[in-house]
Structures are given as structure tokens and as C-alpha cells.
Amino acid sequence: MSQTNKPTILITGGGGGIGSVAAGAFAARGYRVAVCDIRLDAAQLTVDAVRGAGGQADAYGADIGDAAQVAALFERIAADYGRLDAAFNNAGIGGGGIPLADISEEDWERNLRINLSGTWRCMKHEIRMMLNQEGGGAIVNNCSILGINGGANASYTATKHGIAGLTKSAAVSYAAKGIRVNAVCPGLIEAGLGLNVIRRGEDALRKFLSLHPIGRAGTAMEVVNAVLWLCSDEASFIHGHMMPVDGGYSSH
Ligand SMILES: NC(=O)c1ccc[n+]([C@@H]2O[C@H](COP(=O)([O-])OP(=O)(O)OC[C@H]3O[C@@H](n4cnc5c(N)ncnc54)[C@H](O)[C@@H]3O)[C@@H](O)[C@H]2O)c1
């Protein structure tokens, strides 16, 4: 693959809901998009859609929960792209809505391995690349309202609070080095993991939506609009911000 003068972005979890919408939106803004997913076929579908719309994107298969696969991913990105201007650490799994005392060792380890260690691992490689290039870069983590508030979904809530810590810690360490690190904290979104809540039926949905003062779920594009802004020069003084995209949920 040849290198171009376009700004580049890595989107993890780009084969699914919010990540695939982000890939299309960043490509439409002129980015070359590295779409990573544990499901290479899904990443390739996103890439096909981006290319069909005239954008530039490439598919990469990697499990962010596996150190060797992530190291290999970044070696390929360095070779293919030469630089990384932005990253959207979006890959993640739901915790299954399980309260703390009922979580098995296996589920707990899996959630930590993917959501928290996977996000840290990607950030580590992204920051190293950005430190070694002119102009720094911008990183946005996909956190959650459950990274700000409590929720019965204990392992998910714990990993998302951990992502908040990684976001703020990296912002403190790397702001002076030209790397901006922020997070979006979506409420219920009509895409990906959010569809599991929506599919639970009218009663569960009504209860969940009652927590969102706006009275509806958000769209993937409403999350992506915040990510686009946080990656842009318009957000040049924004560091370590946990931006709610939640229809007012976290204002309670
Ligand atoms: N949809 C919502 O309501 C909502 C709300 C708050 C936060 N979020 C966050 O948004 C992010 C995206 O979720 P989504 O709702 O679009 O769901 P999704 O399941 O459609 O997207 C997640 C993507 O990550 C990929 N993935 C899972 N494990 C991976 C791994 N180990 N390595 C690489 N890729 C992996 C999946 O294959 C999938 O394509 C998640 O971090 C989620 O916690 C979603």
C-alpha cells in the first residue's frame, strides 16, 4: 500500500455499529482510514462501503486483547501509513448486564482483557507513533455514560471507568508533547451494543429511556460528530475531557 498526504486515522471495532459509521464519516472528511476489527470480514465490509463512496480505507484484522496481534497491527500501520494523525479506540464488548456478585472469573477477565487492557495497549502504540512524528496527534476513546456513572453492568462499568482513567492520565502526560487525548461517553445508541437493550422489549427500553432527559436513544452519527470535532483543530485546547453524548443522562 502506498503512503498518501491525507491525514490518517485508526478506528478499532470499525466492523460494527458506531465504528463503521465513524469510518465513513472520517473518510468523507478526507482521512485515510485504517479499519481494525477482530472480525476481518466485517472490517472489509466497512472498507468496501467507504471505497464505494469514494473514500480511502484499509481493513486490518486484530484482537485488541492480544498483545502480539496489536504489536503486529501497528507494525503494519507504520509500514502502510507512515504516520497516525488520529485514533478512535472504539472496540469493546458489553458486560452482559451482570451484577458484581454474579460475574464469573472468566467473564471478568475477558471484559478487562478486551475493554480495558485492549484500549490501553492500542493507546500505548498510538502514543509511541505520535511522539515520533511531526505534529503529534489526537486520540479519542469510546467510553460510556457508565464510565461516568454507576450501573448494574459491573464489569462493563469498571472497564469504562478504567478507560476514563487512561484518558485523563494520558492527557496529563502527553498534552505538552502535542498529543490530545479525550473520550466520548455515549448514552443509549441505536446501533451495535445499544440494540441489545432496545431488543429487550418495550418495558426495558422505556425504563432506560426515562434516564435520558431527551426521551430517545442517540444515533451512531451523533456520537461520531463528537469524535470528528474532538479530532479536529477546533478542539485544540481540549485535553482529558470525558464528553457525554447522552441526551442529558449524566446531568441527573
Ligand atoms: N451502542 C451503545 O449504546 C453504546 C453506548 C455507550 C458506549 N458504547 C461503546 O461504543 C463502542 C462500540 O460499540 P457498538 O455499540 O458500536 O457495538 P458493536 O458491537 O457494533 O461494535 C464493537 C466492534 O468491536 C469489535 N470487537 C469486539 N471485540 C474486539 C476485539 N477484541 N478486538 C477488536 N475488535 C473487537 C466487534 O467485532 C465490533 O465490530 C464500544 O466500546 C461500546 O462500549 C456503545
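Remember, it's 1-based here, ligands and their atoms both numbered in the order they're listed. Bear in mind that the values here come from a model prediction, so they are computed numbers and not experimental data.
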Participant: Answer with yes or no whether Ala42 contacts ligand 1, where contact means a heavy atom under 4.0 Å from a ligand atom.
Facilitator: no
Participant: Need the ligand 1 atom indices (1-based, order shown) with element for anything under 4.0 Å from a heavy-atom of Gly194.
Facilitator: 1 (N), 2 (C), 3 (O)
Participant: At under 4.0 Å between heavy atoms, is it the side chain or the backbone of Cys36 that contacts ligand 1, or both, or neither?
Facilitator: neither
Participant: Does a donor on one side chain sit under 3.5 Å from an acceptor on the other, for Thr8 and Asp85?
Facilitator: yes
Participant: Quick one: side chains of residues 165-173, donor-acceptor pairs under 3.5 Å with protein atoms, not counting sequence neighbours, listed by atom name and distance.
Facilitator:
residue : atom : partner : partner atom : Å
Thr167  : OG1  : Asn141  : ND2          : 3.0
Thr167  : OG1  : Ile163  : O            : 2.7
Ser173  : OG   : Ser169  : O            : 3.2

Participant: Any idea which protein heavy atom is nearest atom 35 (C) of ligand 1, and the distance to it?
Facilitator: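 So the nearest neighbour among protein heavy atoms is Ile38 CG2, 3.6 Å.
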Participant: With atoms numbered from 1 as shown, which atoms in ligand 1 lie under 4.0 angstrom from a non-hydrogen atom of Asp63?
Facilitator: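 Checking each atom against Asp63, I get 30 (C), 31 (N), 32 (N).
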Participant: Hey, is Cys185 touching ligand 1 through its side chain, its backbone, both or neither, going by heavy atoms under 4.0 Å?
Facilitator: neither
Participant: Please work out, at 4.0 Å between heavy atoms, whether the side chain, the backbone, both, or neither of Ile114 comes within that distance of ligand 1.
Facilitator: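 It is the side chain that touches ligand 1; the backbone stays farther off.
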Participant: Charged N to carboxylate O under 4.0 angstrom, Arg206 versus Asp203?
Facilitator: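 Salt bridge flag = yes for Asp203 with Arg206.
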Participant: Starting from atom 6 (C) of ligand 1, which protein heavy atom do you reach first, and at what distance in Å?
Facilitator: Pro186 O, 3.4 Å
Participant: Closest non-hydrogen protein atom to atom 3 (O) of ligand 1, residue and atom name please, with distance?
Facilitator: Ile189 N, 2.9 Å
Participant: Return the closest protein heavy atom for atom 37 (O) of ligand 1 as residue, atom name and distance.
Facilitator: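 Nearest protein contact, heavy atoms only, for atom 37 (O) of ligand 1 is Asp37 OD1, 2.6 Å.
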Participant: Would you list the atom pairs, donor with acceptor, under 3.5 Å between side chains in residues 231-240 and any protein atom, with sequence neighbours excluded?
Facilitator:
residue : atom : partner : partner atom : Å
Ser232  : OG   : Trp229  : O            : 2.7
Ser232  : OG   : Glu234  : N            : 3.2
Glu234  : OE1  : Trp229  : NE1          : 3.4
Ser236  : OG   : Asp233  : O            : 3.2

Participant: If we set the cut-off at 4.0 Å for heavy atoms, which region of Cys143 has an atom near ligand 1: side chain, backbone, both, or neither?
Facilitator: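 It is the backbone that gets close, since no side chain atom is under 4.0 Å.
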Participant: Any side-chain donor-acceptor pair under 3.5 Å between Tyr60 and Asp37?
Facilitator: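 Note: Tyr60 and Asp37 side chains miss the donor-acceptor criterion.
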Participant: For Gly187, counting its heavy atoms only, list the atoms of ligand 1 lying under 4.0 Å from any of them.
Facilitator: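 Checking each atom against Gly187, I get 3 (O), 5 (C), 6 (C).
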Participant: Does a donor on one side chain sit under 3.5 Å from an acceptor on the other, for Asp58 and Tyr81?
Facilitator: yes
Participant: Counting only heavy atoms, tell me which of Val184, Asn90, Ile163 gets closest to atom 12 (C) of ligand 1.
Facilitator: Asn90
Participant: Heavy atoms only: which of Asn142, Val245, Asp246 lies closest to atom 10 (O) of ligand 1?
Facilitator: Asn142
Participant: Is there a side-chain contact between Leu84 and Phe74 (heavy atoms, below 4.5 Å)?
Facilitator: yes
Participant: Thinking salt bridges, do Arg113 and Asp63 make one under a 4.0 Å N-O criterion?
Facilitator: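 A salt bridge links Arg113 with Asp63.
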Participant: Go through ligand 1 atom by atom and flag the ones less than 4.0 Å from a non-hydrogen atom of Ala191.
Facilitator: 1 (N), 15 (O)
Participant: Could you list which atoms of ligand 1 come closer than 4.0 Å to a heavy atom of Gly192?
Facilitator: 14 (P), 15 (O), 17 (O), 18 (P), 20 (O)
Participant: What residue and atom, counting heavy atoms only, is the protein's closest point to atom 17 (O) of ligand 1, and at what distance?
Facilitator: Leu193 N, 3.2 Å
Participant: Verify whether one side chain among Thr157 and Asn153 offers a donor that lies under 3.5 Å from an acceptor in the other.
Facilitator: no
Participant: Hey, does Lys160 sit under 4.0 Å from ligand 1 if you only count heavy atoms?
Facilitator: yes
Participant: Hey, which atoms in ligand 1 end up nearer than 4.0 Å to a heavy atom of Gly15?
Facilitator: 39 (O)
Participant: Can Glu222 and Arg216 be counted as an ion pair, charged N to O under 4.0 angstrom?
Facilitator: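 Counted as a salt bridge, because a side-chain N and a carboxylate O are separated by less than 4.0 Å.
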Participant: As a check for students: among Gly16, Gly19, Gly92, identify the option with a heavy atom nearest to atom 22 (C) of ligand 1.
Facilitator: Gly92
Participant: Which option wins on minimum heavy-atom distance to atom 42 (C) of ligand 1: Phe208, Tyr60, Tyr156?
Facilitator: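 Among Phe208, Tyr60, Tyr156, the closest heavy atom to atom 42 (C) of ligand 1 belongs to Tyr156.
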Participant: Which atoms of ligand 1 are found less than 4.0 Å from any heavy atom of Ala62?
Facilitator: 32 (N), 33 (C)
